[in-house]
Amino acid sequence: MLIGVPKEIKNNEFRIGLVPSSVRELIANGHEVIIEHEAGIGIGIDDVAFENVGAKIVNTAAEVFQKADMIVKVKEPQPQECRMLRKGQILFTYLHLAPDPEQARLLQESGCIAIAYETVTNKLGGLPLLAPMSEVAGRMAIQAGATSLEITNKGSGILLGGVPGVAPAKVVVLGGGVVGTNSVRVAIGMGARVVVIDKSLERLNLLDLQFGSKIMTIYSTTDAVERHVLTADLVIGAVLIPGNSAPRLVTRAMLKHMRPGSVIVDVSIDQGGCFETSRPTTHQNPTYIIDGVVHYCVSNMPGAVPRTSTFALNNATLPFVLALANKGYKQALSQDPHLMNGLNIFQGKVTHKAVASALQQEYTPADALFG
Ligand SMILES: NC(=O)c1ccc[n+]([C@@H]2O[C@H](COP(=O)([O-])OP(=O)(O)OC[C@H]3O[C@@H](n4cnc5c(N)ncnc54)[C@H](O)[C@@H]3O)[C@@H](O)[C@H]2O)c1
């Protein structure tokens, strides 16, 4: 199969669909790979690195789209990219179609086979191609929080780990899933006192087994959230109810009683945020202050560390890219129900139930197309 990787064109996007080691695996499996000129330059991977593993560099995105049987990307295709897709061509990337009817329409018109990273599942009911970005964001959340606590950033001037003779900061993590677990790990590493609050006893049990007495696990109730948030130096918002807006666990009334200079990092801002006072911010202007509390609510945190994010994403996507290339989409999808869950649009038809419902379009079960 001929696999093509265009340079990402979304604003401030530096990640790339395939890294050289993934290209090498594909070529060892008998495939060809074309990469757009300087597609990896933003994260320090030059054309020579790709040529050294057998890829061919082409000058334009148009050439990539025209020649490739499968396009591997990171972000959803922009309108000019959608218009370059053709009937029967495979597109494997993040799509986030539910809130984006215009992109859905263009993909449908193209006749392509669009497989979305974010709806591929695994045996545990998780989303394996979303998880790497949650791992990155969870670890970054503590870094962002520690910096925001500095006095020059209007924080309270507390060092997370304290020093001998001076108490460390109290970090409260709301939601102990992928983001939460990674935040906990870094917070412990920096020497903070850590409390995790989740409504899943199963999650709390796993965290207890993993971190033992280094953390306190608390069952999520309004009372528990209030008690711990009011005495926190740093609160990480990491809750998720899949497919829904994040529950507003911390109200404006609670915020008023937090210590001035405390910091909240609302990672769940991409689902609306779990603090009543959260609103999305950017890497250029990441924080704002309400009632003396510093709010960090960047909605694309992994974008700040595109090199790590690209490699993490590639580790998760490569097995699926190989399956699609080695078996062809029909066999790869019908043999793997989890990859099949990633199929959002098949030659004009919407094949993912939740996406169809969000777009108010007819849902066509993928089985019917592959039967
Ligand atoms: N801002 C960013 O750049 C960025 C990057 C990655 C992920 N995210 C977002 O971070 C959020 C968390 O992602 P995740 O991968 O950790 O999800 P996850 O499903 O692994 O974990 C979410 C956890 O929240 C818990 N939860 C749900 N309701 C709760 C409540 N009322 N009280 C306490 N806990 C509750 C769940 O039990 C679960 O353990 C998502 O909204 C995700 O989209 C944002």
Side-chain angles (χ1 to χ4, degrees), residues 10 12-13 15 74-75 94 96 98-99 116-122 124-145 172-186 195-208 210 215-229 235-251 254 264-276 278-283 286-287 295-306 308-309 312-313 316:
K10 194 169 175 175
N12 269 318
E13 182 54 62
R15 289 174 289 176
V74 179
K75 291 308 285 182
Y94 286 119
H96 299 289
Y117 290 162
E118 72 273 9
T119 61
V120 172
T121 52
N122 66 14
L124 305 169
L127 302 170
L129 305 190
L130 255 196
M133 295 307 102
S134 289
E135 288 166 354
V136 169
R139 290 177 184 218
M140 276 186 76
I142 300 298
Q143 273 179 219
V172 174
V173 181
L174 302 174
V178 182
V179 168
T181 304
N182 281 276
S183 292
V184 166
R185 195 187 162 90
V186 174
V195 176
V196 194
I197 300 181
D198 202 298
K199 65 168 190 184
S200 157
L201 288 177
E202 216 173 32
R203 284 303 318 164
L204 293 177
N205 190 23
L206 286 171
L207 287 160
D208 184 64
Q210 192 173 347
I215 61 169
M216 198 196 289
T217 56
I218 300 288
Y219 183 69
S220 180
T221 60
T222 307
D223 190 63
V225 169
E226 189 172 76
R227 193 150 27 91
H228 287 285
V229 164
V235 185
I236 309 294
V239 299
L240 174 68
I241 301 177
N244 273 303
S245 299
R248 291 286 164 99
L249 299 185
V250 180
T251 61
M254 285 185 205
I264 62 176
V265 175
D266 198 351
V267 187
S268 52
I269 188 66
D270 60 345
Q271 297 292 126
C274 61
F275 300 81
E276 194 182 343
S278 296
R279 60 170 165 79
T281 59
T282 61
H283 289 292
T287 59
H295 292 54
Y296 175 105
C297 304
V298 174
S299 49
N300 64 331
M301 294 172 70
V305 287
T308 299
S309 300
L313 184 60

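Keep in mind that the numbers below use all heavy atoms, side chains included, and drop hydrogens, waters and symmetry copies. All ligand and atom numbering here is 1-based and tracks the order in the structure.
Heavy-atom distances between Asp198 and ligand 1 reach below 4.0 Å in at least one pair. Not a single heavy atom of Val136 lies less than 4.0 angstrom from ligand 1. Residue Ala246 places no heavy atom under 4.0 Å from ligand 1.
Summarising the contacts of atom 41 (O) of ligand 1 with Glu135, Gln271, Arg248, Met301, the nearest heavy atom is found in Gln271.
Protein heavy atom at the shortest distance from atom 11 (C) of ligand 1 is Val239 O, 3.8 Å. For atom 15 (O) of ligand 1, the closest heavy atom belonging to the protein is Ser134 OG, 2.8 Å. Among all non-hydrogen protein atoms, the one lying nearest atom 9 (C) of ligand 1 is Asp270 OD1, 3.2 Å.
Taking every heavy atom of Ser299 and a limit of under 4.0 angstrom, the matching atoms of ligand 1 come to 1 (N), 2 (C), 3 (O).
The N/O atoms of Pro302, backbone and side chain alike, include none that comes under 3.5 Å of an N/O atom in ligand 1. For ligand 1, none of its N or O atoms has an N or O atom of Leu174 under 3.5 Å away. Of the N or O atoms in Ile269, none lie within a sub-3.5 Å distance of an N or O in ligand 1. Note: an N/O pair closer than 3.5 Å links Leu240 and ligand 1 by distance alone. Inclusion of Asp266 in the set of residues having an N or O under 3.5 Å from an N or O of ligand 1 is not warranted.
The main-chain N or O of Ala224 is never found under 3.5 Å from a side-chain atom of Tyr219 such that the two would form a donor-acceptor pair.
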